[in-house]
There are 2 protein chains.
Amino acid sequence: MDFVSHLTNNNIKPSLQRIKIFEYLYDNRKHPTVDTIYSNLVEDIPTLSKTTVYNTLKLFIDNGITATVTIEDNEVRYDAIMEEHAHFKCDTCGNVYDVEIDISTLKFKKIKAFKVETTNIYLKGKCNKC
Amino acid sequence: MDFVSHLTNNNIKPSLQRIKIFEYLYDNRKHPTVDTIYSNLVEDIPTLSKTTVYNTLKLFIDNGITATVTIEDNEVRYDAIMEEHAHFKCDTCGNVYDVEIDISTLKFKKIKAFKVETTNIYLKGKCNKC
DNA sequence: TCTAAATTTGTAATCATTACAATTTTATAA
DNA sequence: TTATAAAATTGTAATGATTACAAATTTAGA
Ligand SMILES: [Mn+2]
Ligand SMILES: [Mn+2]
Ligand SMILES: [Zn+2]
Ligand SMILES: [Zn+2]
């Protein structure tokens with residue numbers, strides 16, 4: 001994955017902070033919160049500001065290369081994997097995992113009244129390590 | 001729907017505030033926020049406190065008669081309909097509607113690694129009135 | 001190099017939620 | 001009924017996440 005090209009292709013100037021934040025999201029795939037992103041990256045970029053993390057994530061979302069994961073009502077997580085997939089959160093360890101979904105089985109019956117543009121599927125329970 | 005019995009059956013003492021809050025959720029089915037619930041009910045109960053709304057909703061959730069709807073990352077909504085259903089939010093008017101789902105079509109392939117206990121499905125787009 | 005635009009940063013403000021102690025209401029026993 | 005204790009409600013203060021905003025820094029172009 002060429003992060004610089006990916007940002008450039010999506011009209012985002014590839015600054016150091018932007019590259020590092022996107023790289024962190026894409027490589028770790030742990031659906032981190034802003035605090036987690038900031039805490040981990042500030043080791044690499046000592047001058048990093050939490051405001052920059054917020055600004056950058058908003059920029060990513062506006063340009064369609066990041067999405068929020070709102071599986072919990074008290075934390076906002078971020079995800080740079082844009083291929084359709086569901087999420088599972090383990091109530092015990094708190095990790096959020098990607099879940100492959102077979103879209104064909106996901107068609108709803110008669111949602112005539114709505115034009116659906118985005119779908120989010122959130123599962124909770126216990127993971128096999130817990 | 002006998003709200004007093006419903007609360008009592010779920011180990012919740014049916015105070016005036018609790019009855020009114022549950023009644024509001026169940027009858028309107030608009031997935032309101034705490035602010036909306038408070039604003040509407042304080043007309044009936046002038047002494048109502050927003051803290052009571054928070055406390056009561058937490059009590060309802062802990063006793064399994066209410067659930068949160070986290071379709072948006074900047075607002076927590078509440079729902080007293082516990083039968084399995086999905087939610088659709090119209091990006092234009094902002095309303096959140098219930099969507100019937102055919103559970104049989106919703107089975108995922110191979111989620112062996114997880115024991116799923118709860119499922120939430122959130123859709124977004126445009127409703128037929130917008 | 002010089003200048004302007006874009007980006008980053010730090011601080012203050014805002015807003016939702018929680019903590020907590022005081023008040024009020026309800027239940028129980030004398 | 002009255003007294004007492006427990007439960008519920010309330011108001012205010014504290015907390016924590018997010019946003020607003022202006023200053024500082026970096027980048028790009030002339
Ligand atoms: Mn994901
Ligand atoms: Mn609903
Ligand atoms: Zn786990
Ligand atoms: Zn609409």
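Within every chain, numbering begins at 1; the chains are lettered A, B, ... in the order of the sequence lines, protein sequences first and strands thereafter. Computed from a prediction, not measured in an experiment: that's the story for all the values here.
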task = Find the distance A:I45:CD1 to D:dT26:P and express it as a whole number of Å.
result = 13 Å

request  = Examine B:R29 relative to B:Y26 and say whether NZ or CZ is less than 6.0 Å from the centre of the six-membered ring and inside a 45° cone about the ring axis.
outcome  = yes

query = Within the structure shown, what part of the strands sits under 4.0 Å from B:S15 by heavy-atom distance: base, sugar-phosphate, or nothing?
reply = sugar-phosphate

ask   = Would you say D:dT10 has OP1 or OP2 under 4.0 Å from some side-chain N or O of B:T47?
value = yes

key: Salt-bridge present (B:K124, B:E72; N to O < 4.0 Å)   = yes

inquiry  = Tell me if the aromatic rings of B:H31 and B:Y78 count as close, with their centers under 6.0 Å from one another.
reply    = no

Whole-Å distance separating the CD1 atom of A:I21 from the P atom of C:dT7 = 13 Å

message = Rounded to whole Å, how long is the line connecting atom NZ of B:K58 with atom P of D:dA7?
response = 17 Å

message = If you assign B:R18 and B:Y38 each to the DNA chain D nucleotide with the nearest heavy atom, which residue ends up on the more 5' nucleotide?
response = B:R18

Distance-only polar pair, side chains of B:T36 and B:T33, donor-acceptor under 3.5 Å = yes

request  = Anything under 30° is parallel, anything over 60° is perpendicular, the rest tilted; go ahead and classify B:F22 against B:H6.
outcome  = tilted

message = I need the CG-P distance between A:L48 and C:dT8, as an integer number of Å.
response = 9 Å

Pairs: protein N or O with nucleotides 17-24 of chain C N or O, under 3.5 Å:
from	atom 1	to	atom 2	distance (Å)
C:dT17	OP2	B:Y54	OH	2.5
C:dT17	O5'	B:Y54	OH	3.3

query = For the atom pair NZ (B:K13) and CG (B:L7), what is the distance rounded to the nearest 0.5 Å?
reply = 12.5 Å

request  = Can you tell me the distance, in whole Å, between the NZ atom of A:K20 and the C1' atom of C:dT8?
outcome  = 17 Å

request  = Measure the distance from CG on A:L16 to C1' on C:dT7 and round it to the nearest whole Å.
outcome  = 12 Å

ask   = From D:dT9, C:dG10, D:dG11, pick the nucleotide closest to the side chain of B:S49?
value = D:dG11

Value in whole Å for how far the P atom of D:dA7 lies from CG of B:L59 = 13 Å

query = How do A:K13 and B:Q17 order along DNA chain D: which one's closest nucleotide is nearer the 5' end?
reply = B:Q17

request  = Inspect the contact between B:E75 and B:K89 and indicate whether a charged nitrogen and a carboxylate oxygen are less than 4.0 angstrom apart.
outcome  = yes

